[in-house]
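Notes follow the structure.
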Amino acid sequence: MTAAGVRLAADEVRAAAERIRGPVRRTPLLSADGLLGPPSPSGLLLKAEHLQHGGSFKARGAANAMLGRAAAAVVAGSSGNHGIAVAALARRTGAEATVVMAAGAGRAKADAIRALGARVLTVEGGVAARDQLARQLAADTGALLVPSSDDEHVVAGQGTVALEILEEEPDLALLFVPVGGGGLLAGSCLAADLTGRPGRPVRIIGVEPREARRYAVSVAAGRPVELSASRTVADGLRGQRPGEVIFPIVQRRVDELIAVDDEEVLGAMELLHRAGVPAEPSGSVALAGALQRGFRGRTAVVISGGNSPSALAAMGVAAGSAAGPGPHSAPPRVPSPAAYSRPTSLSALPSPSTMSKESL
């Protein structure tokens, strides 16, 4: 049953988990005790989506949107990670893929998308202009539009991140989620409704770059508000306007929305790198929020991705390179989460230099 204004039911998240089982990896929940140095708060967990196929949580929403929907061609707007996920799935299914990126998007991610066989188009302006062109291309060509966040299938797929966390840690007190387009946050809100314990619901805390606080501004205003394009170092979180599917879910269920500066993001990323977690800036935002706000009790943060230029180079996709893995080449491998106990200590992780990302 859905609340007024909410178009997506919580049980869609569980259905998505079944649909994407196999193509999408169940990532480990890592114990981060000692991450902050002695004395370190106990009970901090990291959801390691940097170990997901394609290097980020975006594989989940893309898979839920594309699997079982026959399409000869797909179009997506992306800052990079969603485009990588869509391109990898399109190669798997034989569909032609076009990914629209804003002119300021990272070159290494654009190269990775091309290496997976997709066409990349760039557009001047920010995320709003990018998504407008993607919608127009899909309408003009009849291709399947796979939005990066504002889509029922995508939100349900992204929600499987939180579903896995809460299945493993039903007594979780706090969940910190990075917020860009908002699909991961909305999906987490739905998963919390699905798995939360009566009387002791987990607190869902969305963390936005300070330059791109579109959800905090919109929730305060009681309506979606579009912001100017951002240049935050967290390039995957430069969304400008809350989604129509996403906003009512977030407005109804999110407990807190906090903002972090670029310096805080880079500081959190450095901590993660020292601990052997090769997160990209966007993937470090949730930890930055947890460090700024503080936490007590069992707490999880989502490390949403690890597609830094160096990580993409490990895939054989260096910035500026024309070559990349061919359509029949074997994808590089990443250690299987089955090798980890639950929750795994960060000290048990392999060195970042030995870890590569795997295509879907």
Side-chain angles (χ1 to χ4, degrees), residues 10-35 40-53 55-61 63-64 155-178 183-207 253-255 272 275-277 279 283 286-287 289-290 295-306 334-350:
D11 58 9
E12 298 281 354
V13 177
R14 199 177 298 283
E18 292 300 320
R19 186 174 298 114
I20 67 178
R21 190 185 304 276
V24 169
R25 164 173 289 164
R26 188 180 182 102
T27 54
L29 196 56
L30 307 175
S31 171
D33 289 350
L35 175 69
S40 178
S42 61
L44 179 63
L45 303 168
L46 309 180
K47 181 60 169 171
E49 284 297 293
H50 66 288
L51 295 177
Q52 185 55 261
H53 296 304
S56 84
F57 78 100
K58 290 290 189 179
R60 298 172 181 268
N64 197 45
V155 170
Q158 314 301 37
T160 62
V161 174
L163 180 64
E164 290 177 6
I165 295 171
L166 294 169
E167 285 176 344
E168 294 186 29
E169 294 290 335
D171 293 325
L172 195 72
L174 303 172
L175 176 58
F176 288 85
V177 181
L184 180 58
L185 178 60
S188 298
C189 289
L190 293 171
D193 285 348
L194 195 62
T195 60
R197 292 181 58 183
R200 294 184 60 188
V202 60
R203 289 187 66 80
I204 304 295
I205 303 169
V207 187
R253 178 59 180 84
V254 74
D255 293 293
L272 290 166
V277 178
L287 178 61
F295 53 90
R296 294 180 62 183
R298 208 65 167 163
T299 298
V301 301
V302 179
I303 308 303
S304 57
V334 66
S336 169
Y340 304 118
S341 59
R342 182 186 64 82
T344 304
S345 169
L346 285 170
S347 63
L349 282 171

>> Contact between D171 and R298 at the side-chain level, heavy atoms closer than 4.5 Å - yes or no?
In response: no
> What pair of heavy atoms forms the shortest contact from V254 to C189, and how long is it?
Replying inline: N-SG, 3.9 Å
> Does R14 have any salt bridge (Lys or Arg N to Asp or Glu O under 4.0 Å) partners at least two apart in sequence or in another chain, and if so, which?
Replying inline: E167
>> Please give me the minimum heavy-atom distance between F176 and A286, naming the atom from each residue.
In response: O-CB, 3.5 Å
> Any side-chain heavy atom of L29 sitting closer than 4.5 Å to one from E169?
Replying inline: yes
> Which residues pass the salt bridge (Lys or Arg N to Asp or Glu O under 4.0 Å) test with E164, sequence neighbours left out?
Replying inline: K47, R60
>> Holding to side-chain hydrogen bond (donor to acceptor under 3.5 Å, both in side chains), I want the full list of residues that pass it with R19, two or more places apart in sequence or in another chain.
In response: N64
> What heavy-atom pair brings H50 and G305 nearest, and what distance separates the two atoms?
Replying inline: CB-C, 3.8 Å
> Do T160 and V24 touch side chain to side chain, with heavy atoms closer than 4.5 Å?
Replying inline: no
> How far does CZ of R296 sit from CG of L44, to the nearest 0.5 angstrom?
Replying inline: 15.0 Å
>> Using side-chain heavy atoms (C-beta onward) and a distance below 4.5 Å, is L174 in contact with D255?
In response: no
> Can you list the residues that meet the side-chain hydrogen bond (donor to acceptor under 3.5 Å, both in side chains) rule with S304, with sequence neighbours excluded?
Replying inline: none
> How many angstroms lie between atom CG of L272 and atom CD1 of I303, to the nearest 0.5 angstrom?
Replying inline: 4.5 Å
>> Please find the pair of heavy atoms, one from P28 and one from L51, that lie closest to each other, and give the distance.
In response: CG-CD1, 3.7 Å
> I165 and V302: side chain to side chain contact (heavy atoms under 4.5 Å, CB included), yes or no, with the steps?
Replying inline: CA-CA 9 Å; I165 295 171; V302 179; 4.1 Å; yes
> Roughly how far, to the nearest 0.5 Å, is CG of L30 from CG of L45?
Replying inline: 8.5 Å
> Taking only residues two or more places apart in sequence or in another chain, which ones pass side-chain contact (heavy atoms from CB on, under 4.5 Å) with A162?
Replying inline: L175, S188, A191
>> Please enumerate all residues that pass side-chain contact (heavy atoms from CB on, under 4.5 Å) together with R21, with sequence neighbours excluded.
In response: E18
>> Is the shortest side-chain heavy-atom distance between L184 and F57 below 4.5 Å?
In response: yes
> Which value, rounded to the nearest 0.5 Å, describes the distance between L46 atom CG and L287 atom CG?
Replying inline: 7.0 Å
> What's the spacing between D193 CG and D11 CG if we round to 0.5 Å?
Replying inline: 11.0 Å
> Looking only at heavy atoms, which two atoms of H53 and A59 are closest? And how far apart?
Replying inline: O-CB, 3.5 Å
> What closest approach, in Å, do A186 and V155 show between heavy atoms, and which atom pair accounts for it?
Replying inline: CB-CG1, 3.9 Å
> Would you say Q52's side chain and R25's backbone share a donor-acceptor pair under 3.5 angstrom?
Replying inline: yes
